[in-house]
Amino acid sequence: MVMKRLIVVGGDAAGMSAASQARKRVPAGRLEIVAFERGNHASYSACGIPYWIGGTVEARDDLIVRTPGEFRDNQDIDLRVRHEVVAIDLHARTVTVRSDADESTLGFDHLMIATGATPVSPPWADVDFGGVFGVQTLDDGDRLASWLTPEVRRAVVIGGGYIGVEMAEALINRGLDVTLLERGDQPMSTVDPDMGALVRDAMVRLGIDVRTGAEVTGLTGAGGRVTGVTTEAGEVPADVVVLGLGVRPNTLLARSAGLPVGEHGGLLTDLRMRVPGHEGVWAAGDCVETRHLITGQYVHLPLGTHANKQGRVAGINIGGGYATFPGAIGTAVTKVCDLEVARTGLRERDATAAGFDFVTATVETTNRAGYFPGSAPMHVKLLAERRTGRLLGAQIVGRSEAAKRIDALAVALWSGMSVEEMTALDLGYAPPFAPVWDPVLIAARKAAEEVLAADR
Ligand SMILES: Cc1cc2nc3c(=O)[nH]c(=O)nc-3n(C[C@H](O)[C@H](O)[C@H](O)COP(=O)(O)OP(=O)(O)OC[C@H]3O[C@@H](n4cnc5c(N)ncnc54)[C@H](O)[C@@H]3O)c2cc1C
């Protein structure tokens, strides 16, 4: 029996899911698995970083799912941290790896590319003083945590996406004065502006100074430390700056090797996560583009949920099994203190860009029976296709168990239900959990009325 070798580039969600699944199917005597991770940590939850910085998660090491030692002892996977793959030769089927100690070349039968994403960092963020942080990796989190000494009082978060919003919460929970600067009209552009306005109001009530339409032009520093953020409207003083400006697929290595990327710069794969035209080359996670099941177009959806699923699919296939990743519909949840925000499917601008004619319906109701302790307002917005009434998208802003209702809406969307069909869904009811008409049903009823009214 010939021993084969799988090389994994990137030791986090997608890469190590693939490695684990491949190992489940093929024993160590038949497949050697070597994973290279350039950072100090592998297999950890980046999603947990804001909650550790904010103090909800006490111990940083709780974010580490599995150590290299555990991979070696339990699964015979040779995971090497502080090892960067610097070149791929597809013709020779080798990778070149650099560590502190040396540079070496290793052959592969299967190559799993799981290099993740790179944070967007404008030229003005390239400064030679301290106190400016991204939060992409646990190493970034470590650097930020050690900067947050008691004399650091004023924080500025640049970018109002979900990472910016989660970091604003984390820093306010640590007792800092927090300003959030967002270029757009509202924070949380992952939902429509009317729903983003609700997020903004809640953030302001928490004491976060939210400034929208704020275009950052530079950073100022003195004595080796950041002192402020310059915007077109003036300077905002800062002892620490956190960047949350989005991410792009990290594909420089793959592109240099000649692998194809799509419109958004992510690697293109088939349903089994193979890179087409390159036998034995696989890719998954934040470095790939994913097919959006509602529009049929390729998009970049850098989320842990997809990275884990795609990595698992690749690993099953590498191990000789059969699995596919059909695509995604853009479901995501987040929170800012007790305000929960969720979405699935298309926002208004996505539906318009895709060419849909659609109606919208927004309802304000409560998460529980109105008389039940803990009852709080909840907004649900639905988009439905005109004529057919097919659900195209949903957004929720509310408190206490509001956000996870998006899962019911995601299933309805995934299965192509119309809002009329949804009005009859058999959803659970008891006063501690929902009003007698669940917010999902109330929203579906209103959307069904709008669909009828649009063609009357
Ligand atoms: C603060 C934060 C909060 C988040 N919250 C959520 C959330 O709530 N829900 C959600 O679904 N997603 C969330 N995400 C996104 C989620 O963490 C990512 O989608 C997920 O980690 C992607 O997994 P990945 O394996 O594709 O990439 P990554 O986790 O980025 O791992 C890629 C790894 O590859 C390594 N690497 C890159 N190039 C090389 C090379 N040449 N050689 C060796 N190693 C290399 C990198 O160091 C990195 O460790 C969050 C992300 C962040 C940063």
Side-chain angles (χ1 to χ4, degrees), residues 7-19 34-54 57 63-65 79-88 95-99 111-120 133-141 144 157 159 161-170 190 242-257 266-267 273 283-290 300-312 314-315 328 330-335 340-343 403:
I7 288 187
V8 178
V9 190
D12 198 23
M16 297 322 290
S17 296
V34 187
F36 294 112
E37 167 53 51
R38 68 181 174 191
N40 288 310
H41 306 283
S43 196
Y44 61 88
S45 170
C47 316
I49 294 171
Y51 304 103
W52 161 56
I53 297 285
V57 174
L63 301 184
I64 298 172
V65 183
L79 165 57
R80 304 182 197 171
V81 292
R82 293 181 288 280
H83 279 69
E84 180 169 11
V85 175
V86 291
I88 299 169
V95 296
T96 304
V97 187
R98 195 174 291 158
S99 70
L111 177 67
M112 174 74 214
I113 300 177
T115 45
T118 311
V120 172
F133 302 93
V135 278
Q136 181 68 10
T137 63
L138 199 49
D139 291 330
D140 295 334
L144 170 61
V157 177
Y162 80 91
I163 291 183
V165 165
E166 288 176 5
M167 287 310 300
E169 169 185 349
T190 51
V242 173
L243 305 175
L245 296 164
V247 295
R248 295 199 207 298
N250 176 15
T251 51
L252 184 60
L253 175 72
R255 278 184 282 129
S256 308
L267 285 162
M273 308 313 297
D286 284 4
C287 63
V288 306
E289 292 188 11
T290 297
H300 184 224
L301 287 174
L303 286 173
T305 176
H306 308 312
N308 280 287
K309 290 188 194 109
Q310 292 172 344
R312 175 177 177 276
T331 308
V333 288
T334 188
K335 75 173 191 66
E340 302 178 2
V341 187
R343 59 155 289 175

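Indexing begins at 1, ligand by ligand and atom by atom, following the structure's order. Bear in mind the structure is a predicted one, so any value in this text is a computation, not a measurement. Note that the numbering runs from 1 along the sequence shown for the chain.
- The ligand atoms of ligand 1 that sit less than 4.0 angstrom from a heavy atom of Phe36 are 43 (C), 44 (N).
- Residue contact check: Thr115 has heavy atoms under 4.0 Å from atoms 32 (C), 34 (O), 37 (C), 38 (N), 39 (C) of ligand 1.
- His83 counts as a contact of ligand 1, since one of its heavy atoms falls under 4.0 Å from the ligand.
- Looking at Arg248, its side chain never comes within 3.5 Å of a backbone N or O of Val120 through a donor-acceptor pair.
- When only non-hydrogen protein atoms are considered, atom 34 (O) of ligand 1 lies nearest to Gly10 CA, 3.2 Å.
- Side-chain contact check for Val333 versus Glu340: every heavy-atom pair is 4.5 Å or farther apart.
- Closest heavy-atom approach to atom 52 (C) of ligand 1 among the candidates Ile163, Leu252, Asp286: Ile163.
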**Prompt:** Can Ile88 and Ile113 be said to form a side chain to side chain contact (heavy atoms under 4.5 Å, CB included), step by step?
**Reply:** CA-CA 10 Å; Ile88 299 169; Ile113 300 177; 4.1 Å; yes
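- Annotation: the span from Thr290 atom OG1 to Met273 atom CE amounts to 6.5 Å, rounded to 0.5 Å.
- Protein heavy atom in closest approach to atom 42 (N) of ligand 1: Val85 N, 3.0 Å.
- Ranking protein heavy atoms by distance to atom 14 (N) of ligand 1, first place goes to Tyr162 OH, 3.1 Å.
- Phe133 is not listed as a side-chain neighbour of Ile53, based on a closest heavy-atom distance of 4.5 Å or more.
- Of all protein heavy atoms, the one lying nearest to atom 21 (O) of ligand 1 is Asp12 OD2, 3.6 Å.
- Considering backbone and side-chain atoms together, Glu166 places no N or O closer than 3.5 Å to any N or O of ligand 1.
- Looking only at side-chain heavy atoms (C-beta outward), Ile64 and Tyr44 come within less than 4.5 Å of each other.
- Close approach of ligand 1 to Pro302 (heavy-atom distance below 4.0 Å) involves ligand atoms 15 (C), 19 (O).
- Which parts of ligand 1 touch Ala13 is read off a 4.0 Å heavy-atom cut-off, strictly below it: atoms 23 (O), 25 (O).
- Of all protein heavy atoms, the one lying nearest to atom 53 (C) of ligand 1 is Val135 O, 3.1 Å.
- Ligand 1 lies less than 4.0 angstrom from a heavy atom belonging to Leu253.
- In terms of polar-atom proximity, Glu37 is counted as a contact of ligand 1, with an N or O under 3.5 Å from an N or O of the ligand.
- Summarising the geometry, atom SG belonging to Cys47 is positioned 6.5 Å from atom OH belonging to Tyr162; distances are rounded to the nearest 0.5 Å.
- Under the 4.5 Å side-chain criterion, counting only non-hydrogen atoms from C-beta, Leu144 is in contact with Met167.
- Nearest protein heavy-atom neighbour of atom 16 (C) of ligand 1: Gly304 N, 3.5 Å.
- Within ligand 1, the atoms closer than 4.0 Å to a non-hydrogen atom of Gly285 are 26 (O), numbered from 1 in the order shown.
- Under a 4.0 Å criterion applied to the non-hydrogen atoms of Thr305, ligand 1 contributes the atoms 11 (O).
- Under a 3.5 Å cut-off, the side chain of Asn40 and the backbone N or O of Asp139 do not form any donor-acceptor pair.
- For the residues Gly311, Ala114, Ala46, Cys47, the heavy atom positioned nearest atom 32 (C) of ligand 1 is part of Ala114.
- Judged by distance alone, the side chain of Gln310 and the main-chain N or O of Gly285 form a donor-acceptor pair under 3.5 Å.
- Contact check for Glu169 versus Val165: no side-chain heavy atoms found under the 4.5 Å cut-off.
- Note: His306 NE2 to Asp286 CG = 9.5 Å, rounded to the nearest 0.5 Å.
- Between Ile49 and ligand 1, no pair of N/O atoms sits closer than 3.5 Å.
- Set against the non-hydrogen atoms of Ala307, the atoms of ligand 1 under 4.0 Å away are 22 (C), 23 (O), 26 (O).
- At a 4.0 Å heavy-atom cut-off, ligand 1 touches Val9 through the side chain alone.
- Of all atoms in ligand 1, listed by their number and element, those nearer than 4.0 Å to a heavy atom of Asn250 are 37 (C), 38 (N).
- Nearest protein heavy-atom neighbour of atom 44 (N) of ligand 1: Arg38 N, 3.1 Å.
- In terms of modelled atom types and a separation under 3.5 Å, the side chain of Thr115 and the main chain of Asn250 share a donor-acceptor contact.
- Distances from atom 30 (O) of ligand 1 to the heavy atoms of Ala87, Ala14, Gly116 put Gly116 nearest.
- Neither the backbone nor the side chain of Ala332 comes within 4.0 Å of ligand 1, counting heavy atoms alone.
- Taking the side chain as every heavy atom from C-beta outward, His83 and Ser99 approach each other to under 4.5 Å.
- By the 4.5 Å heavy-atom criterion applied to side chains, His41 and Thr137 are not counted as neighbours.
- With a heavy-atom cut-off of 4.0 Å, Val333 does not touch ligand 1 at all.
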